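Working notes for the structure below.
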Amino acid sequence: MKDSNFLRENNGKYFWHPMTSPQDSHEIPPKIIVGSEGVKIRDIDDNEVVDAVGGLWNVNLGYSCDPVKKAIADQLETLPYYSTFRGTSNDAAIELAYELAEFFAPDGLSRAFFTSGGSDSVETALRLSRQYHKLRGEPGRVKFLSLKKGYHGTHMGGASVNGNANFRTAYEPLLPGCYHIPAPYTYRNPFNETDPAKLAQFCAAALEDEIAFQGANTIAAMIMEPILGAGGVIPPHESFAPMVREICDRHGILLITDEVITAYGRTGAWSGARLWGIKPDMMCTAKAITNGYFPFGAVMMGEKVVETFESSPQARIGHGYTYSGHPVGAAAALACLAETKRLNVIENAAARGTQIFEGCKALMEKHSIIGDVRGGHGLMTAIELVSDRATKAPINPAVAAKIGDVAYENGALVRISGPNIILSPPLVLTEADVRIIVTALDKGMSAL
């Protein structure tokens, strides 16, 4: 490894980082991470902290998951790569498709299309949903519906269905035919409704209204996160997803659940769809599928989609990626799935999620800078910061950044996203790790 001075001097000089401006790399140099163990990461200055971000929602099993590392090394020795385009396949991808079909059987999903990550998975689902309707003789169904505040990656299709202007404005015009309905965001919503059940009904009614306005026969799919993640950890009322499922069924619209974050145990259930008791027509997954150790993703297909594609001679899928079904990624995913099930991580995710949620609620009693705390479903928690609780005026971003800096100095890396502090730590977190995170946040807020 190059020495620390070299790395500091050349990061901003040659490297453009995602989700920030090139100037930030010079004015606000990033923390340079050089090591990890368990649920902790170590930076270039030898500071070791609990990773309360979980890499980027994806390191569910922590950084010392030897079975996954071994699977990657073993696969590199036997078959480091081969294409799964027409005419060839590989053993690891076939085995993984079988195991995923078994894992997601309770969600009504039985076929896998492999990708290189979450944005690829979303793009795949959007494209296949249009093709589905064409195969059924309804070529006019090309539009997409999604939630405001939702996040669906960064490809052109994903950016178009994204519900946050930060990921859209600089790249417009985007894909036409994408429309957004209000999210069931109890703290801030256009209905001024604070009752989650009533708000869910209002948002479902808005969905019905948009479908009526656009014309159901023009809409291909509704895509949504079971719990909105990057938008600020927004869990809907338990009635919301079933209402959306019923509305989509009634109008012949496919329902895509974007579970790039929520699949594989993060919510305290094996999938977000299972958490809410629904069966999607497609499910986008990635991130924790390989614990972050290899870029990989999968779109799982439900009964309607499977039947339509497999019964039509015209159903040639003209879509795919060079690394679809990459054997090393598939081997990593197989090992990761086995370890995820062996550890039964949903139990710890639920228990530690409750602990961290209650810890953040206690901080709200102490610090008036906290306007809202959201979570309570596994290890997905957000603290929304305000400058005034009465008016809900957002906090100055520099203040939020300062809290993150002080928290880091006190042992925890947290994610600052606008006015939100987002916590998405590994699912193998311990009670002691949670105490470190909550204490670090307390000191960060007290420093103000």
Side-chain angles (χ1 to χ4, degrees), residues 118-130 132-133 141-169 171-185 188-191 199-200 202-216 218-237 240-263 271-273 276 278 280-286 297 299 302 305:
S119 293
D120 284 356
S121 292
V122 168
E123 200 77 6
T124 296
L126 295 177
R127 294 186 71 176
L128 293 186
S129 66
R130 281 184 170 179
Y132 164 86
H133 291 293
R141 286 186 178 267
V142 298
K143 296 175 184 175
F144 299 110
L145 302 175
S146 57
L147 297 174
K148 293 178 180 178
K149 303 294 289 183
Y151 180 78
H152 302 291
T154 57
H155 290 352
M156 189 60 76
S160 302
V161 294
N162 265 343
N164 189 320
N166 290 339
F167 309 112
R168 299 170 53 86
T169 307
Y171 310 102
E172 292 174 334
L174 297 172
L175 187 70
C178 298
Y179 303 94
H180 302 78
I181 67 165
Y185 179 18
R188 300 180 191 273
N189 62 78
F191 311 105
L199 178 59
F202 286 148
C203 292
L207 174 60
E208 287 267 29
D209 182 69
E210 191 64 34
I211 291 170
F213 179 76
Q214 297 296 334
T218 70
I219 301 170
M222 167 79 181
I223 182 169
M224 70 177 191
E225 300 163 276
I227 295 176
L228 281 69
V233 184
I234 302 171
H237 186 265
F240 181 67
M243 284 193 287
V244 172
R245 175 72 278 184
E246 188 278 327
I247 292 167
C248 287
D249 283 341
R250 183 155 33 87
H251 293 290
I253 297 167
L254 293 179
L255 177 60
I256 303 166
T257 56
D258 183 343
E259 305 223 23
V260 171
I261 286 173
T262 53
S271 71
W276 301 130
I278 63 168
D281 298 306
M282 297 186 199
M283 180 188 291
C284 304
T285 80
V299 181
V305 176

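In this text the structure is predicted, and so the values were computed from the model without any measurement.
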Short question: side chain of Arg141, backbone of Ile219 - any donor-acceptor pair under 3.5 Å? yes
Side-chain donor or acceptor of Arg168 paired with backbone N/O of Gly163 under 3.5 Å: no
Which residues satisfy the ring pair (Phe, Tyr, Trp, His ring centres under 6.0 Å) test with Phe202, sequence neighbours excluded? Phe191
For a 4.5 angstrom cut-off between non-hydrogen side-chain atoms, does Ile278 reach Thr257? yes
Got a sec, which residues hit side-chain contact (heavy atoms from CB on, under 4.5 Å) with Asn166, two or more places apart in sequence or on another chain? Asn164
If you define the side chain from C-beta out and look only at heavy atoms, does anything of Met222 sit under 4.5 Å from Ile181? yes
With sequence neighbours excluded, tell me which residues meet ring pair (Phe, Tyr, Trp, His ring centres under 6.0 Å) with Phe167. Tyr151
Separation of Leu175 CG from Glu123 CD (nearest 0.5 Å): 8.0 Å
Could you tell me whether the side chain of Glu259 and the main chain of Gly272 form a donor-acceptor pair under 3.5 Å? yes
Quick one, Ser119 and Thr154 - any side-chain contact, counting heavy atoms below 4.5 Å? yes
Taking all non-hydrogen atoms of both residues, which atom of Val305 and which atom of Asp281 are closest, and how far apart? CG2-O, 3.6 Å
Using only atom types and a distance under 3.5 Å, with no angle test, would you say the side chain of Arg130 pairs donor to acceptor with the backbone of Ala220? no
Hits for side-chain hydrogen bond (donor to acceptor under 3.5 Å, both in side chains) against Asp249, two or more places apart or cross-chain, chain-then-number order -> Arg245
What is the minimum heavy-atom distance between Gly229 and Ile261, and which atoms define it? CA-CD1, 4.1 Å
Would the distance check show the side chain of Ser160 and the main-chain N or O of Cys178 forming a donor-acceptor pair, the cut-off being under 3.5 Å? no
Those residues that, when tested against Arg250, pass salt bridge (charged side-chain N to carboxylate O under 4.0 Å, His left out) (two or more places apart): Glu208, Glu246
Ring pair (Phe, Tyr, Trp, His ring centres under 6.0 Å) involving Tyr179 - partner list, sequence neighbours excluded: none
Identify the two heavy atoms, one from Leu147 and one from Met224, that lie closest to each other, and give their separation to 0.1 Å. CD1-CB, 4.0 Å
Please list, chain by chain and in numerical order, all residues satisfying side-chain contact (heavy atoms from CB on, under 4.5 Å) with Ser121, sequence neighbours excluded. Thr115, Cys284, Val299
Suppose we screen for side-chain contact (heavy atoms from CB on, under 4.5 Å). Which residues come up paired with Pro235, at least two apart in sequence or across chains? Ile227, Arg374, His377
Where Ala286 and Gly118 come nearest, the two heavy atoms and their spacing: CB-N, 3.3 Å
For residues Thr218 and Val142, determine if any side-chain heavy atom of one lies less than 4.5 Å from a side-chain heavy atom of the other. no
Among residues two or more places apart or on two chains, list those pairs meeting salt bridge (Lys or Arg N to Asp or Glu O under 4.0 Å) that have a residue in residues 143-158. none
To the nearest 0.5 Å, how far apart are NE2 in His152 and OG in Ser146? 5.0 Å
Taking all atoms of both residues into account, what is the closest heavy-atom pair of Asp258 and Pro226, and its distance? O-CD, 3.5 Å
Looking at CD1 of Ile253 and CG of Leu207, how far apart are the two atoms once the value is rounded to the nearest 0.5 Å? 7.0 Å
Could you work out, with side-chain hydrogen bond (donor to acceptor under 3.5 Å, both in side chains) as the rule, every residue matching His133, not counting sequence neighbours? none
Provide the closest heavy-atom pair for Ala241 versus Trp276 in the form atom of the first, atom of the second, distance. CB-CB, 3.7 Å
Keeping to residues at least two apart or across chains, list the side-chain hydrogen bond (donor to acceptor under 3.5 Å, both in side chains) pairs with something in residues 224-237. His237-Ser239
Any side-chain to backbone donor/acceptor pair from Asp209 onto Ala205? Under 3.5 Å, distance only. no
Side chain His180, main chain Asn162, donor-acceptor under 3.5 Å: yes
Output all residues satisfying side-chain contact (heavy atoms from CB on, under 4.5 Å) with Ala221, sequence neighbours left out; order by chain, then residue number. Ser129, Phe144, Leu254, Ile256
